[in-house]
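One structure is given below, encoded as C-alpha cells.
Each ligand, and each atom within it, is numbered from 1 in the order the structure gives.
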Amino acid sequence: MILGSGSAWDTACVQLANAARHLGLDDGLHELLRTPRRSITVSVPLLRDDGQMMVLTGYRVQHNLARGPGKGGIRYHPSTDLDEVKALAMWMTWKCALMGIPYGGAKGGIAVEPGMLSRQERERMTRRYAAELVPLIGPEKDIPAPDVGTDEQTMAWIMDTYSTHTGHTATGVVTGKPLSIGGSAGRAGATSRGVQLALFAALRQTGRDPHATTVAIQGFGKVGALAAQYLHDAGCKVVAVSDVKGGVHNPQGLNPAALIRYLADGAETVVGFPATDTITNDDLLELDVDVLVPAALEGVITVENADRIRASIIVEGANGPVTAEADRILDDRGVLIVPDILANGGGVAVSYFEWVQDIQAYFWSEDEVNDRLRALMERAYGEVAMLATTQGISMRGAAHIIGVSRVAEAHRTRGLYP
Ligand code: NAD
C-alpha cells in the first residue's frame, strides 16, 4: 500500500536497516530478519446475500517465529495487500520482543470494505478465510487478534471454525475474544490503556502536567475511542478526534464518553457531534495541540505534512503512521515520538495474558490484568528511554534496536537448521 512518500514495507525495512547497522549485524542475519518466514495468499470465495459470488483475497504472513508462535491481528480493509501485511507482521516481531513477550510476529487480512457486507456475509467470509488458515494457525503456531475492521465477534467465528476443524475447543487460537469463550478482562481497552500509560511516561519524562495537556486523536475506533476516554478521565483535554469520514474539534475539550454513546446510539460518524466544528483528517494532524495520537492507518504523516505538525509529542496508537522520511524531519525538529512498537504494545501484552489464561484455564481479575499491563508498559518504556538517552538516539531507534537485538540473539542461540 503506497501512502504518502513511502509504503509501510519501505518504512519497516528502513527501520530494520537502521537497527541492523547500529547493532553491527552481518548481511546474512539482516536478510534473515527482513525476510518473512511464511507468506500466504488465499482466495476467499463469498456467497453474497443476493446469491451472487464474489472472490476476495486474504493474506497471512508469519514474519519471524524465533522467539515463539506468531502473533498479530487480522485486518479487513480495501487497501490491505501483501506488502502491507508483511510490514505489519515485521513490526509485530519487534513489538513482541520489545515488550518481553515470548511470541514471534505475524499479521493477516482480507482486502475488503467490511461495511459493505451484511453480518451474515462477514461471518461466511471470516469462516472461509479461517478454514484456509487452519493448517497454519493454532495456540502453539500463530494466534490472530482483532485489528482494523475486525472485532471480538470476528475472533469468535475464527475460534469456532478452527475448533470445529480440529475437533476440540481451542480457546487459545485467537485473542481479543468475548469473555464468554475465554477472553480476558481488560483486553478490549488494553491497547488504549497502553497508549495512555506511554503518554503519561512521556509527560513525566518531559516534565509536563497532564492537566495542561491538549490532545488530538486520529481514528475513533477500538484504539482511538478508548484512548480518548482514558486520557480525558486522567485529566488531559482531548480537543479533536476523527474517523474515516472526517473530524470534530472543540478547543474547550470534548467529552469522549458522550461521543462513544452518540455512536452507540446509531450515529455513523463523529462528524456532526453537537458543539463541535467539523475538520478534515489533514486539519486534525496539523492542529496546534501538545500531543497527537494517530490511531487509524499507517503512512498518514509524510514528507508532505511533517513540517506542519505542531504537536511536540506524537504517541503512535496506529502501526506505522509516520513514514521513514517524515520520521527524520520530525526528529530533527525535536518532536518526541513514542513509536508504535512501544506505544500500542499494550494490546499484544494483554493478548499474551489472555493466551496464558486460556492455556491455564484460570482467569484473572481486571485489576490484576491492568496491574500487569502497567508493569510491562513501564518496563518497556524505561528500557527504551534509557537507551535513547544514553546513546543520543530517538525513541524509535532505541525501540527497534532492543526489539531487533532480542530476535537476533534468539537466532544466534538456536542456530541455523540444518
Ligand atoms: P478500528 O477499525 O477499530 O478503527 C479504525 C479507525 O480509523 C476508525 O475510526 C476508522 O473510521 C478510522 N479510519 C479508517 N480509515 C481512515 C482514514 N483513511 N483516515 C482517517 N481515519 C480512518 O481499528 P483499531 O483496532 O482501532 O486500529 C487502529 C490502529 O491501531 C491500526 O493501525 C492498528 O493496526 C493499530 N493497533 C490496533 C490494536 C488493537 O488492539 N485493536 C493494537 C495495536 C495496534
Any side-chain donor near an acceptor of the partner, N64 and H411, under 3.5 Å: yes
Could you list each nitrogen or oxygen of ligand 1 that sits under 3.5 Å from a protein nitrogen or oxygen, with the atom names and the distance?
unit_1   : atom_1 : unit_2 : atom_2 : d
ligand 1 : 2 (O)  : G149   : N      : 3.0
ligand 1 : 3 (O)  : K222   : N      : 2.9
ligand 1 : 3 (O)  : K222   : NZ     : 2.9
ligand 1 : 9 (O)  : F220   : N      : 3.0
ligand 1 : 9 (O)  : G221   : N      : 3.3
ligand 1 : 11 (O) : V244   : N      : 2.9
ligand 1 : 25 (O) : K222   : NZ     : 3.1
ligand 1 : 26 (O) : K222   : N      : 3.1
ligand 1 : 26 (O) : V223   : N      : 2.9
ligand 1 : 30 (O) : G317   : O      : 3.4
ligand 1 : 32 (O) : A296   : O      : 3.0
ligand 1 : 32 (O) : N319   : N      : 3.1
ligand 1 : 34 (O) : R75    : NH2    : 3.0
ligand 1 : 34 (O) : D147   : OD1    : 2.7
ligand 1 : 34 (O) : D147   : OD2    : 3.4
ligand 1 : 34 (O) : N319   : ND2    : 2.8
ligand 1 : 40 (O) : R187   : NH2    : 3.4
ligand 1 : 40 (O) : T191   : OG1    : 2.7

Determine, stepwise, if the pair T57 / Y59 fulfils side chain to side chain contact (heavy atoms under 4.5 Å, CB included). CA-CA 7 Å; T57 305; Y59 308 94; 3.5 Å; yes
Checking T280 against D283 for the side chain to side chain donor-acceptor pair (under 3.5 Å) test, could you report, in this order, the C-alpha distance in whole Å, the side-chain angles of both residues, the deciding distance, and whether it holds? CA-CA 5 Å; T280 66; D283 296 337; 3.1 Å; yes
Quick test of your reading: applying side chain to side chain donor-acceptor pair (under 3.5 Å), list the pairs with at least one residue in residues 180-189, sequence neighbours left out, ordered by first then second residue. S184-Q357, R187-S351
Check this for me: E378, atom CD, are more than 12 non-hydrogen atoms of other residues, nucleotides or ligands nearer than 6.0 Å? yes
Checking side chain to side chain contact (heavy atoms under 4.5 Å, CB included) against D290, which of R208, K237, R310 comes through? R208
